[in-house]
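So you know, we letter chains A, B, ... as the sequences are listed, proteins then strands, and number each from 1.
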2 protein chains.
Amino acid sequence: MTTMKLPPLLQDDPPTLADRAYLSLREAIVEGTLAPGMKLSERGLAAMLGVSPQPVREALRRLEGEGMAESRPRSGTYVAELSIDRLLEMGRIRSALEGVAAGIAARRRTPIDIAALRARLIAVQSASASGDERRLAAVNASLHETLHAITGNALLIRSLQAVNAYYHISTRVILTSKYEVSASLAEHSAIVAAVIDGDPETAEALMRAHTGRSVDVAAIELAR
Amino acid sequence: MTTMKLPPLLQDDPPTLADRAYLSLREAIVEGTLAPGMKLSERGLAAMLGVSPQPVREALRRLEGEGMAESRPRSGTYVAELSIDRLLEMGRIRSALEGVAAGIAARRRTPIDIAALRARLIAVQSASASGDERRLAAVNASLHETLHAITGNALLIRSLQAVNAYYHISTRVILTSKYEVSASLAEHSAIVAAVIDGDPETAEALMRAHTGRSVDVAAIELAR
DNA sequence: ATGGCCAAACTGCTATCGCAGTTTAGCAGT
DNA sequence: ACTGCTAAACTGCGATAGCAGTTTGGCCAT
């Protein structure tokens, strides 16, 4: 057998119970079903989800690591309280990480990645024209996630997922005004162009400005 | 009883077995005892550490979340392989996060924080003059950690700890040349001054430049 | 000597149980 | 009616056991 390099045989990843519990709880927190300050009992949640406390415990620790839950040593785990300040901080962290991700993506993108980015961008354009806000939000997220995936950096991807979840808790519907839609589309186009061109500095600067602007918009909304 | 606001009664946090396992394993990975690619068996490590597999499992998932370990679905967990590219990516992430942290610290610092920062800076100056590299590295880390703590942002602190651990794997001794020592000291002084002045933009830019330069130095070292 | 197969050992994952510490509800005393 | 104590219920944490799937070492046939 020659020592040749092969791709790692990507196999479908049957999600574990802990993974599913994590996703379920995170969604509940983001959606507001589990309100901030509410207690997250291992046994109680386990009973609701129909699993044993063990996977729930793992999910809680993960949420805690992502800042969406807080644990008092021997008392319990609670849904993290969120303040406007904290939310804006998360927005800044998100902005910095998205910028770095765009820069790395501009360095590493392959022809396949470029094709994927073009496809996502077309989908964003289509959704922008349609006026369907939910679809637009979905394809926008998909575009960002495509950029994340191109970095191939597990820690970066994970951090971005965490901060995005947290950040989106109370910024669900920012993309409403026509101005926002057209501005966002133009920015996305420019970012993708810079990544395709392999220009890390420009890609990072544009992405940072793009996401930073959304923080400002959120701040204005929240201050009202 | 009136509804008055009280600080949360900080009590000593007896570290859990999972915490200790995590610290132990992380140190072993950073130090190289657990080499990249090596298998991390829950039961095996549990026997070595004298605990049950359960806390070890939790520690492994945490390491995995921080990018220091990788897990193949039903095969095992392994120490993450590290490449120069990946290390530089981590350096960029670190730089971005440290910058954000410095900016947030400049917004939130209290008089007590300012006193703490001044004390740390004096310690750094003292250690720089002494020529004791280990002590200098320790007080430098302490200065950075003080800034992290001032942000009060759990997710940010956690992310920084993770990326710092990863980043320091093969950059243990950068601070050797006299030039590095004096340049680093000057930069630290300027950063602390900006934070104390409450100037977020300057603090972030200086911190980003400071940490970004250390990435470049590391890259030069590694390329030799 | 080489290729294929199979069983034993090992893997991560989940369930169940027990422990020490915390919270809480209710009772007793004023 | 209010305070102070106590016991029962609940909490997270850890240990142990069992399951299904994976890996591995060795045996047999070629």
Point to revise | Length of the CD-P vector between A:Glu58 and C:dG12, whole Å | key: 12 Å

Exercise for review: Please tell me if the side chains of B:Glu66 and A:Arg158 come closer than 4.5 Å, counting only heavy atoms from C-beta onward.
Suggested key: no

Revision key, fill the gap. Among C:dT11, D:dC13, C:dT14, the one nearest any side-chain atom of B:Lys39 is C:dT11

Check your understanding: Base, sugar-phosphate alone, or nothing: which one does A:Ser71 contact when heavy atoms must sit under 4.0 Å apart?
Key -> nothing

Exercise for review: For A:Leu40, report the nucleic acid contact type (base, sugar-phosphate, nothing); a contact means any heavy atom under 4.0 Å.
Suggested key: sugar-phosphate

Check your understanding: Mind checking what makes salt bridge (charged side-chain N to carboxylate O under 4.0 Å, His left out) contact with B:Asp19, not counting sequence neighbours?
Key -> B:Arg62

Review point. Out of D:dA15, C:dA15, C:dG12, which has the shortest distance to the side chain of A:Leu17?
Key: C:dA15

**Study point:** Value in whole Å for how far the P atom of C:dG12 lies from CG of B:Leu60
**Key:** 8 Å

Check your understanding: Can you find a pair of side-chain heavy atoms, one from A:Leu143 and one from A:Leu117, that are under 4.5 Å apart?
Key -> yes

Check your understanding: Just how far, in rounded Å, is P of C:dT16 from CD of A:Glu42?
Key -> 15 Å

Check your understanding: Does a nitrogen or oxygen in the side chain of A:Arg43 sit under 4.0 Å from OP1 or OP2 of D:dC10?
Key -> no

Study note, to complete from the structure: In whole angstroms, the gap separating P of C:dA15 from CZ of B:Arg57 amounts to 11 Å

Exercise for review: Please work out if A:Arg72 contacts a base, only the sugar-phosphate, or nothing of the nucleic acid, heavy-atom cut-off 4.0 Å.
Suggested key: nothing

Exercise for review: Check whether any side-chain heavy atom of B:Asn164 lies under 4.5 Å from a side-chain heavy atom of B:His148, and answer yes or no.
Suggested key: yes

Revision key, fill the gap. Of B:Ala18 and B:Tyr78, the one whose closest nucleotide on DNA chain D sits nearer the 5' end is B:Ala18

Study note, to complete from the structure: A:Leu45 atom CG is separated from D:dC10 atom P, nearest whole Å, by 15 Å

Exercise for review: Indicate yes or no: at least one non-hydrogen side-chain atom of A:Gln54 is less than 4.5 angstrom from one of B:Gln54.
Suggested key: yes

Point to revise | Pairing partner (Watson-Crick or G-U wobble, both distances under 3.5 angstrom) of C:dC27 | key: D:dG4

Exercise for review: Grab the CD-P distance between B:Gln54 and D:dT16 for me, whole Å please.
Suggested key: 12 Å

Exercise for review: Take atom CZ of B:Arg20 and atom C1' of D:dC13, then tell me their distance rounded to the nearest Å.
Suggested key: 12 Å

Exercise for review: Give one of base, sugar-phosphate or nothing for B:Ser41, where a contact means two heavy atoms less than 4.0 Å apart.
Suggested key: sugar-phosphate

Practice item. Round to the nearest Å and state the distance from A:Leu49 atom CG to C:dA15 atom C1'. Key: 15 Å

